[in-house]
Amino acid sequence: MVRKKATLIDVDYRIKGGKTLVRLLLKGRHLVRLYDEYEPYFYLDAPKGAEKEIMGAKVPSRDRQVSPTRCERAAMSVLGKEKEIWKVYCERPYDIPHVSGELAKKYPVYENGIPFGRRYLIDKGLAPFTELTYEREGRFIKKIISKRDSKVSLRTMSFDIETYNPKGSPRPDKDEVIMISYEIDGERKVITSKKIDRDFVIVCKDEREMIKKFLETVKEKDTEVLLGYNSTVFDLPYLKARADANGLDFSIGRDGSSFRVRRQGIRDVAEITGRIHVDLYPLVRFMGFIGAFKVSKYTLENAYEELTGKKKLMVGKLDIWKMWDDENLSAALADYSRFDALATMEIGKILLPLMVEMGRLTRLPLFDVSSATAGQLVESLLMHKSFEHRAVIPSKPNDALAHERELGPIKGAFVKLPQPGIYENMVVFDFRGLYPSIITSHNIDPFTLNPPKSVPDSDCFISPNGHRFLKKPRGLIPTVLEELIKMRGEMKKRLKKADKDTPEHEQAFARVQSLKILANSYYGYLAYPRSRWYSRDCGESVTAWGRHFIQETIEKATQSGFEVLYGDTDSIFLLLGSKTKEDALSFMKKVNSELPGDMELELEGFYPRGVFVTKKVSGDKETGAKKKYALLGEDGRIKIRGFELVRRDWSAIAKTTQRRVLEAILKHGSKEMAVKVVKDVIERLKQGKVPLEDLTIYTQMRKDPRKYDIKSPELSAAEKAIKMGVQIERGTVIGYVITKKGSTISEKACLAEYAQDYDPNYYIDNQVLPSVLKILKELGYSEDDLKFKGEQKGLSSFF
DNA sequence: GCGGACTGCTTACCT
DNA sequence: ACAGGTAAGCAGTCCGCG
């Protein structure tokens, strides 16, 4: 028996000799794989006398008829009630869905659909990135003695490929890989088959040797984490296809295997045995989606530039093959290729610490956490906590139930209609973590919901829509959420104390971030139709209380003599008017003294000026627009929400002009300046002086280009490009320009790369003017002033 | 035959 | 594939208009 220490990295399982062996990947000085025997099982809520019936179940599994191996009674908390149920064991993890599926026809089944590696982590109370002290015998773990947080560093390689693309997009069956760049341990190289005079270039005799060299390097460097950018969809499959074409095994795994692509939700993930493949592209998108890091475009270039603040070396994608063919330019192409590996590595350095902390927190291994959805993060932690509380983990709903849940969406938040205009001296308050604090303050949980009638109202929280929640005992979800909020508070203190640019600071930052992301996802998970802990009544109650508190606060503010301009979900915008900042703060204090539990109204800020605009409507009803405003902060910065300016599907020319108009009005209070800005831009547009990149409109194709019902400008541009050989599929963000050629806007649309000219009238009438007029209108320009009734030329004639 | 009102599809935003 | 609420563009259709 040997006592050892190592950090837990990953976990999966193998079947050997009819036994299921959990396989742990640990890192001490080196990576080691150790095994532990563990039996797969699920729970069944069947009567005491059902043993014969359970053991008698016989169903086809993967390769043969299987039955449970044994079963036993277990005392558990089942959907909020203490009772005895059956714990049913099977030989192999993949027998579980078959056997439980059969028995589910008659009795409720719990804890299904848990991947076996995770099952093991849950039952042993283990989290990735913790250091285990354990006793081992041969290749088996005998006993885990202790565990603690660990700062493990993983050998990380970034990589990227360039391909020959004379037809626009490269064709994996014909077009060669011309460069493979990578970075590991500060060594940044480009593998290529052309003699290029650069000291970082590794020259191979042909494509086959290049791929071989790359695979050897991955192996020799003992790569533990492999970072790519869109590598699941592009680099890995392309390399594999080229390896096949060259009669080469694409043996990138630690055991010499290739990679496996698995469908996860709507996207694919690529797994590599013995290494952790992290595709940063979906990760960058996910970060934006949950509001952690937001980038305006998801290209490697843009993500790198916006996340690091540095400029990336670029070449035109369509020129790559020409550069390769041109002796004078192939060195520049190598520089670019090498930069891709660097950019990928740098993005990894920003996102990986966050993934590691999120993994620790949710107990998910790095690969899983890097490819997880928000729902999986929440669910993972809840499953662990549920186990700790000896409560059965609810099963995932089947498709029929999930679809049924989707049919009745839950009523959401309240948004107050603003009165359009320009205002001075405002104060904005918002509820800190509104939904999480509502959940913890009212003990909202599927199993504290609707107690028996015999429980008096005084022992319940009653939601505005009439649902009752037991005050005691605490539900699992409020308990876990409360822990997260508390941890975040403590971690924020630690973050403040830590010196910048230290490992402590980086870790505290990543933890604060992870905790925030996670805590904010609980409400969504409760109302998510495929959630194990779905409860329509809970979800409805959270939003009902949300609407209740924001509306109550608006009433209180009005009664206290403030004019309430706007509010959305958890925020209220007040006009100070004759009142002082102190009055506002004492109002906030008063509100807080009347709020229950953890709920708190916070000062978001004071704003000397702000503007709300009119909603664009056909007809003559004029109302304010929700979710669109601009505020001038006391520090001179402008906070802009919802305007064209913050949308990627508007051209830069419209957006910068709108920004300059807002600055002229909010900062300088000058409408003359604003009008001059607009006149100048229109003049430049008319003279054809505006570069195409300022006119490009970016839109994501959210469907397969063949599956649209109607023709839109972006679809029309995409179709033209596809004809020329450009690859455009679901998810591609395309940039297009409205050109002079054609009659409808769609006909005029053309992919930016191929555009030769632009239609100034479109950019004046449909881009610049609409986006600035809605603001200028608040300065007293009347509708008629701006429209020039009867004028056929449209708005452009006004300026 | 033309413009305005309106609808449906679509995207991207706010919290 | 965590939720709902919202604005707004463009294409297409309907409707009035002697």
Side-chain angles (χ1 to χ4, degrees), chain A residues 263-267 286 288-291 294 296 372-379 396-397 399 402-403 405-406 408-418 430-431 433-435 517-531 533-534 536 538-540 542-543 546-547 550 566-571 604 613-621 623-629 639-650 654 697-703 707-716 733-734 738 744-749 762 765-767 770-771 774 790 792:
Chain A
R263 195 112 190 123
Q264 185 151 311
I266 53 158
R267 69 168 186 262
F286 180 64
F289 177 60
I290 55 181
K294 183 102 179 116
S296 57
T373 65
Q376 287 169 327
L377 298 177
V378 174
E379 184 173 275
K396 281 190 182 173
D399 282 355
H403 284 129
R405 290 172 177 177
E406 276 162 13
I410 292 167
K411 188 172 174 194
F414 169 76
V415 187
K416 184 176 165 36
L417 188 67
D430 54 29
F431 283 93
L434 177 68
Y435 288 173
I517 292 167
L518 204 57
N520 286 339
S521 302
Y522 272 72
Y523 156 70
Y525 185 70
L526 263 179
Y528 168 47
R530 291 188 184 272
S531 162
W533 276 268
Y534 176 87
R536 192 193 161 81
C538 288
E540 254 171 18
V542 173
T543 54
R547 294 189 299 272
I550 198 71
Y566 181 60
D568 184 349
T569 313
D570 61 356
S571 62
E604 202 274 329
V613 296
T614 305
K615 187 166 119 177
K616 187 127 189 169
V617 277
S618 45
D620 43 18
K621 339 173 251 274
T623 69
K626 295 171 176 178
K627 301 186 190 280
K628 271 181 200 279
Y629 59 86
K639 179 173 168 169
I640 298 159
R641 294 291 179 263
F643 280 134
E644 288 74 8
L645 179 39
V646 299
R647 294 178 64 100
R648 74 161 163 214
D649 56 356
W650 281 75
I697 297 165
Y698 294 96
T699 307
Q700 188 185 177
M701 308 292 298
R702 301 176 78 125
K703 297 207 243 180
K707 292 184 180 160
Y708 280 91
D709 293 337
I710 56 165
K711 174 128 354 197
S712 56
E714 60 269 24
L715 178 61
S716 162
V733 175
I734 66 159
I738 301 301
T744 67
I745 294 169
S746 283
E747 280 172 31
K748 288 159 168 269
Y762 172 81
D765 289 336
N766 296 35
Q767 290 275 324
S771 58
K774 63 165 62 166
Q792 296 247 328

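Convention: sequence-line order gives letters A, B, ...; per-chain numbering from 1. Below, all heavy atoms of this structure are taken into account, side chains as well, without hydrogens, waters or symmetry copies. Here the structure is a predicted model, which means the values were calculated and not measured.
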What residues form a side-chain contact (heavy atoms from CB on, under 4.5 Å) with [X], not counting sequence neighbours?
X: A:V415; result: A:Y566, A:D568, A:K626, A:K627
X: A:R648; result: A:Y298, A:Y698, A:Q700, A:V733
X: A:R547; result: A:K411, A:F414, A:T543, A:A544, A:Q551
X: A:S712; result: A:E714, A:L715

### Query
For A:R536, which residues count as a side-chain hydrogen bond (donor to acceptor under 3.5 Å, both in side chains) partner, sequence neighbours excluded?
A:E540

### Query
Any N or O donor-acceptor pair linking the side chain of A:R641 to the base of B:dT15 at under 3.5 Å?
no

Report which part of the nucleic acid [X] touches: base, sugar-phosphate, or nothing (heavy-atom distance under 4.0 Å, all strands).
X: A:Y762; value: sugar-phosphate
X: A:S746; value: sugar-phosphate
X: A:V646; value: sugar-phosphate
X: A:K774; value: sugar-phosphate
X: A:W533; value: nothing
X: A:N766; value: sugar-phosphate
X: A:Q376; value: nothing
X: A:S521; value: base
X: A:Y629; value: sugar-phosphate

Between atom [atom1] in [X] and atom [atom2] in [N], what is the gap in whole Å?
X: A:K703; N: B:dC9; atom1: NZ; atom2: P; result: 9 Å
X: A:K627; N: B:dC14; atom1: NZ; atom2: C1'; result: 4 Å
X: A:D709; N: B:dT7; atom1: CG; atom2: C1'; result: 14 Å
X: A:I550; N: B:dT15; atom1: CD1; atom2: P; result: 11 Å
X: A:K639; N: B:dC13; atom1: NZ; atom2: C1'; result: 15 Å
X: A:D430; N: B:dT15; atom1: CG; atom2: P; result: 9 Å
X: A:K626; N: B:dA12; atom1: NZ; atom2: C1'; result: 18 Å
X: A:Q700; N: B:dC13; atom1: CD; atom2: C1'; result: 13 Å

### Task
Would you mind reading off the bend of the helix from B:dG1-C:dC17 to B:dT15-C:dA3 from its two end axes, five pairs each, to 10 degrees?
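Answer for the end axes of this duplex: 20°.
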
### Query
Just to confirm, is there a sub-4.0 Å distance from OP1 or OP2 of B:dA12 to any side-chain nitrogen or oxygen of A:R647?
no

### Message
Run the side-chain contact (heavy atoms from CB on, under 4.5 Å) test on A:F643 and A:V613 for me, step by step, so that the C-alpha distance in whole Å, both residues' side-chain angles and the decisive distance to 0.1 Å come before the verdict.
### Response
CA-CA 10 Å; A:F643 280 134; A:V613 296; 3.7 Å; yes

### Flag, side chain of A:K628 to backbone of A:G642, donor-acceptor distance under 3.5 Å
yes

Taking only residues two or more places apart in sequence, or in another chain, which ones meet [X] in a salt bridge (charged side-chain N to carboxylate O under 4.0 Å, His left out)?
X: A:K703; value: none
X: A:E379; value: A:R532
X: A:K396; value: none
X: A:R405; value: none

### Query
Going 5' to 3' on DNA chain C, which nucleotide is the first and which the last to come under 4.0 Å of a heavy atom in chain A?
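Contact span on the strand: C:dA1 to C:dA11.
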
#### Entry: Nucleic acid contacts of residues 409-418 of chain A, taken as heavy-atom distances under 4.0 Å to DNA chain C
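Heavy-atom contacts with DNA chain C come from A:P409, A:I410, A:K411, A:G412, A:A413, A:V415.
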
### Pairwise distance OH(A:Y762) to CD1(A:I697) - rounded to 0.5 angstrom
4.0 Å

